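Okay, so here's the structure we're looking at.
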Amino acid sequence: MIPTPDLSHLTSEDYALTYEPAEDTFLFLDALESDVEDLKNSRPLICLEIGSGSGCVSSFIGQILGPSVLYLCTDINPHACRCSQSTGKQNKVSLECVNTSFASPLMSRLRHQVDVVLFNPPYVPTEYEEAHIAQQAKSISGAWAGGYDGMQVTNTFLETVKDLLSDKGRFYLVALKQNNIPEIQRRMLDEHNLESEVVLQRRAGREHLFILRFTIKKKVITS
Amino acid sequence: MVRLVTHNLLACHAKDCNTNNFPLVFQNVQLEIREAEFNSDFIRNFLPKIEWNALVKTAYELGDTSLPQDQPEMVDDEFLKNLHHVLFEIHIIEGGMVCPNCKHNYPISDGIPNMLLAEHEIA
Ligand SMILES: C[S@@+](CC[C@H](N)C(=O)[O-])C[C@H]1O[C@@H](n2cnc3c(N)ncnc32)[C@H](O)[C@@H]1O
Ligand SMILES: [Zn+2]
């Protein structure tokens with residue numbers, strides 16, 4: 001068992017401003033742990049987490065994959081960036097935190113360069129306006145407000161993730177049953193040639209959570 | 001954390017700013033040198049990902065002239081040590097990064113770059 005990162009340095013004041021690791025976070029850690037051999041064998045060089053929040057997930061994968069990987073984290077919430085940074089430090093993992101929406105300022109340099117992309121997005125179905133305002137406010141409400149189907153924010157990223165992935169790249173996404181998992185999987189395959197599998201799923205209270213893993217579908221050459 | 005490795009991956013992403021938007025130019029920066037463990041395999045693997053000219057130019061601007069203008073063909077230990085220092089040990093704690101094209105200033109505070117754009121600046 002890989003230990004959960006030490007978060008003892010974070011206080012209730014931090015969690016007033018930054019998403020506190022919850023069932024979704026822990027399911028994410030379990031999914032990464034279940035893929036640990038494949039992750040290591042793929043010898044990744046660049047790992048990028050979108051919406052790193054407390055920094056728990058990146059610190060965890062950092063402990064698994066060790067110091068020969070560059071760990072980039074982004075979050076729209078500046079407090080989250082600060083927490084991610086301190087959680088990295090607490091767990092002796094160097095996290096490069098950037099306060100931005102998605103991977104926007106990294107897109108041109110990281111084109112087809114990222115080996116592991118991680119995103120536990122704001123997935124809770126809300127009104128369109130609520131998600132829109134939360135994205136503008138860049139506060140803790142942006143941690144869950146997902147708009148229509150809970151997919152408003154995630155969909156923006158799904159449109160671009162293919163451009164980040166290296167040939168051997170893998171993209172892990174947290175989603176909710178209401179997000180319509182089969183539709184996400186079909187769309188990513190049809191529109192972006194990314195095939196996917198459910199790595200883990202779990203019911204936690206009212207939420208039925210899924211962890212999806214996307215990889216580039218290799219062309220089968222038939223003669 | 002803004003180390004030169006991160007800086008080497010960041011471009012201006014303001015609306016309609018698509019050329020000459022990299023590398024961002026440091027301004028009014030406060031630096032800190034923090035020792036980091038030397039990992040020769042990682043640096044060797046990472047070398048092809050680096051925009052060399054941008055790295056050397058930026059290092060010079062910050063007063064570090066240890067890297068050659070052209071990436072050497074033969075990679076020796078001394079070169080890797082210098083590269084390690086430039087990429088991983090120079091931390092930019094405060095200041096800003098300015099786009100050479102549109103002059104947008106991205107502030108850095110507490111070692112975190114603020115790359116957020118206002119709604120009307122987003123492409
Ligand atoms: C459900 S929380 C997950 C936090 C952490 N990764 C975890 O698993 O505990 C979602 C995170 O995404 C961030 N976020 C929301 N919209 C974002 C966007 N457009 N770009 C980057 N981060 C975003 C939120 O601020 C929040 O920290
Ligand atoms: Zn610009």
Side-chain angles (χ1 to χ4, degrees), chain A residues 43-48 52 55 58 65-89 92-115 132-133 135-139 142 156 160 164 166, chain B residues 1-15 17-24 34 36-51 54-55 84 87-89 91-93 97 99 104 106-123:
Chain A
R43 307 192 106 259
L45 193 60
I46 300 181
C47 175
L48 167 66
S52 58
S58 279
L65 298 176
S68 294
V69 178
L70 183 72
Y71 300 98
L72 294 160
C73 295
T74 74
D75 206 294
I76 41 164
N77 175 351
H79 304 289
C81 293
R82 248 170 261 138
C83 289
S84 289
Q85 182 125 303
S86 63
T87 299
K89 198 167 176 197
K92 302 194 170 50
V93 177
S94 270
L95 302 181
E96 315 289 327
C97 303
V98 179
N99 187 198
T100 193
S101 183
F102 305 111
S104 183
L106 297 161
M107 289 306 291
S108 59
R109 285 284 289 118
L110 289 184
R111 227 184 142 68
H112 302 309
Q113 301 293 332
V114 186
D115 305 306
H132 184 73
I133 291 168
Q135 287 285 303
Q136 295 308 312
K138 301 169 175 61
S139 63
T156 308
T160 63
L164 288 166
S166 69
Chain B
M1 202 149 51
V2 190
R3 301 190 286 182
L4 293 197
V5 63
T6 318
H7 171 267
N8 200 257
L9 301 175
L10 291 171
C12 180
H13 59 129
K15 194 177 181 172
C17 186
N18 310 308
T19 52
N20 186 32
N21 58 351
F22 174 88
L24 302 173
R34 293 187 204 150
E37 200 160 324
F38 178 66
N39 181 342
S40 120
D41 285 345
F42 179 45
I43 300 183
R44 275 174 202 275
N45 293 338
F46 202 79
L47 194 50
K49 311 278 183 199
I50 296 169
E51 273 278 354
L55 182 68
H84 165 76
L87 284 175
F88 301 118
E89 297 192 320
H91 291 247
I92 292 83
I93 309 295
M97 295 182 287
C99 170
H104 190 100
Y106 297 97
I108 299 168
S109 101
D110 275 339
I112 295 168
N114 175 350
M115 304 298 292
L116 295 169
L117 295 170
E119 201 171 5
H120 68 275
E121 298 166 325
I122 297 173

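Order of the sequence lines sets the chain letters (A, B, ...), proteins ahead of strands, with each chain counted from 1. Since this is a predicted model, take the numbers as computed values, not measurements.
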B:N39 and A:S68 side chains, donor-acceptor separation under 3.5 Å: yes
B:T6 OG1 to A:E96 CD distance, which is reported to the nearest 0.5 Å: 3.5 Å
Which atoms of B:E51 approach chain A - backbone, side chain, both or neither, heavy atom under 4.5 Å: both
Rounded distance (nearest 0.5 Å) linking atom CG of B:L9 with atom CD of A:Q113: 9.0 Å
Side chain to side chain contact (heavy atoms under 4.5 Å, CB included) between B:H13 and A:T100, intermediate numbers included: CA-CA 10 Å; B:H13 59 129; A:T100 193; 3.7 Å; yes
Residues from residues 77-87 of chain A approaching chain B under 4.5 Å (heavy atoms): A:C81, A:R82, A:Q85
Side chains of A:H132 and B:E119 in contact at under 4.5 Å (non-hydrogen atoms): yes
Pairwise distance CG(A:L70) to CG(B:L87) - rounded to 0.5 angstrom: 9.5 Å
Which atoms of B:N8 approach chain A - backbone, side chain, both or neither, heavy atom under 4.5 Å: both
Interchain contact, A:S104 with chain B, by part (heavy-atom threshold 4.5 Å): both
Portion of A:L106 that has a non-hydrogen atom of chain B nearer than 4.5 angstrom: both
Heavy-atom proximity to chain B below 4.5 Å, by part of A:I76: both
Heavy-atom contact with chain B under 4.5 Å, split by part of A:Q135: neither
Proximal component of B:F22, with respect to chain A [non-hydrogen, under 4.5 Å]: side chain
Stepwise side chain to side chain contact (heavy atoms under 4.5 Å, CB included) test for B:M115 and A:N99: CA-CA 6 Å; B:M115 304 298 292; A:N99 187 198; over 6 Å; no
Greatest number of heavy atom pairs closer than 4.5 Å to chain A - which of B:D110, B:D41, B:N114, B:I112: B:I112
A:C97 versus B:P113, closest heavy-atom pair with distance: O-CD, 3.2 Å
Under 4.5 Å from any heavy atom of chain B - which part of A:L45: both
Chain A contact via B:I50 - side chain, backbone, both or neither, heavy atoms under 4.5 Å: backbone
Largest heavy-atom contact set with chain B, pairs under 4.5 Å, which of A:A103, A:S108, A:P67: A:P67
Spacing of CZ belonging to A:R109 relative to NE2 belonging to B:H7, to within rounding of 0.5 Å: 10.5 Å
More than 12 heavy atoms from other groups under 6.0 Å of NZ on A:K89: no
